[in-house]
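What follows is a set of notes on a single structure, which appears directly below.
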Amino acid sequence: MVSLETSQRLERTEGMVGCSFVEARNAVSHAAAESRVIDGAIAIYDGAVSPFSQTFGLGLFGAAGDATLDEIEGFFFERNADAQHELSPFAGIEVTARLVARGYLPIELSTVLVRSIPPLAVPTSPLELRVIDPVRDGAAWVATSMAGWVTEPGIEAFIRDLLAVNIRNHAMTHYLVEHEGAPIATGSLGIHDGVALLAGASTIPSA
């Protein structure tokens with residue numbers, strides 16, 4: 001059953017996985033990526049245009065009043081980045097109304113699918129799924145991910161940069177799917193507090 005507790009666990013997992021990318025970013029490029037917990041919300045800065053630069057859990061663990069939002073906005077504005085939030089419906093209408101009053105506009109609604117995992121039989125499949133070795137398999141994993149994610153011209157460098165950090169994120173487990181020995185798909189998995197977060201799924205167009 002979906003509940004406030006479920007939403008808190010999901011948001012905290014997403015936020016903690018995001019924090020692991022901050023650590024990986026700084027290890028790869030010595031950037032000024034940073035994360036901070038403000039009134040229970042996790043604020044992440046990974047560059048002005050990074051999809052990780054936002055908050056997670058706003059209003060789920062604290063009131064998210066104007067003082068909290070002032071501090072969060074200061075965290076982003078000092079780094080020349082927009083303040084962006086993923087907001088759970090369980091944060092309540094008051095948080096949404098306060099954000100609107102401060103000039104925020106919603107840009108999308110996301111549905112998160114969640115289920116418990118009972119013991120399952122391994123299905124028979126012509127596909128081989130394996131955990132990669134980042135050193136040995138990193139180039140193939142990045143190339144396969146690129147083939148699935150780059151759907152329009154001009155975003156190659158942006159996607160490659162995110163993947164270069166992702167492959168160095170030791171908090172994530174990375175997977176490669178092969179068909180007859182050829183890589184066709186990728187994905188990653190992060191776990192926090194018993195919640196497994198699936199991320200970055202990519203399949204090459206021909207597959």
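These numbers come from the heavy atoms of this one structure, side chains and all, not from hydrogens, waters or symmetry mates.
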Item to complete: Could you verify whether a donor N or O on one side chain and an acceptor N or O on the other, from Ser202 and Ser145, lie under 3.5 Å apart?
Response: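 There is no such pair (donor and acceptor under 3.5 Å, judged by atom type) between the side chains of Ser202 and Ser145.
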Is there a donor-acceptor contact under 3.5 Å from the side chain of [X] to the main chain of [Y]?
| X | Y | value |
| --- | --- | --- |
| Ser53 | Gly47 | yes |
| Asp46 | Ala33 | no |
| Gln8 | Thr6 | no |
| Arg168 | Val28 | no |

Do the side chains of [X] and [Y] join up, straight or via other hydrophobic residues, at under 4.5 Å, putting them in one cluster?
| X | Y | result |
| --- | --- | --- |
| Met16 | Val114 | no |
| Leu99 | Leu109 | no |
| Leu197 | Ile191 | no |
| Ile93 | Val95 | no |
| Val37 | Leu87 | no |

Discussion item. Test side chain to side chain contact (heavy atoms under 4.5 Å, CB included) on Leu60 and Arg9; report intermediate values, then the result.
Written reply: CA-CA 10 Å; Leu60 288 182; Arg9 292 185 70 196; over 6 Å; no
So, taking the atom named [atom1] in [X] and the one named [atom2] in [Y], what distance separates them when rounded to the nearest 0.5 Å?
| X | Y | atom1 | atom2 | result |
| --- | --- | --- | --- | --- |
| Asp161 | Ile155 | CG | CD1 | 13.0 Å |
| Leu163 | Asn169 | CG | CG | 12.0 Å |
| Phe52 | Ser35 | CZ | OG | 12.5 Å |
| Asp193 | Arg12 | CG | CZ | 10.0 Å |
| His85 | Leu58 | NE2 | CG | 6.0 Å |
| Trp141 | Arg136 | CH2 | CZ | 15.5 Å |

Heavy-atom side-chain proximity of [X] to [Y] below 4.5 angstrom:
| X | Y | answer |
| --- | --- | --- |
| Thr144 | Val177 | no |
| Arg36 | Thr55 | no |
| His174 | Val142 | no |
| Ile72 | Asp39 | no |
| Leu162 | Pro51 | yes |
| Tyr175 | Ile132 | no |
| Phe21 | Met172 | yes |
| Ile42 | Phe61 | no |

Discussion item. According to ring-ring contact (aromatic ring centres under 6.0 Å, His included), who are the partners of Tyr45, at least two apart in sequence or on a separate chain?
Written reply: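 With sequence neighbours excluded, Tyr45 shows a ring-ring contact (aromatic ring centres under 6.0 Å, His included) to no residue whatsoever.
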Nearest heavy atoms of [X] and [Y], plus distance in Å:
| X | Y | value |
| --- | --- | --- |
| Pro118 | Arg115 | CD-NH2, 3.5 Å |
| Ile44 | Gly18 | CD1-C, 3.4 Å |
| Ala185 | Thr203 | CB-OG1, 3.7 Å |
| Gly200 | Trp149 | O-NE1, 3.6 Å |
| Ala196 | Leu189 | CB-CD1, 3.9 Å |
| Ala171 | Ser20 | CB-CB, 3.5 Å |

Worksheet item: Got a sec: does the CD of Glu73 have more than 12 other heavy atoms crowding it under 6.0 Å?
Response: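 Count over threshold, so yes.
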Worksheet entry | Neighbour count above 12 (heavy atom, 6.0 Å) for Leu120 CG |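 Enclosed: over 12 neighbouring heavy atoms sit under 6.0 Å from CG of Leu120.
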Discussion item. Distance to the ring centre below 6.0 angstrom and angle to the axis at most 45 degrees; does that hold for Arg79 and Phe75?
Written reply: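 Yes.
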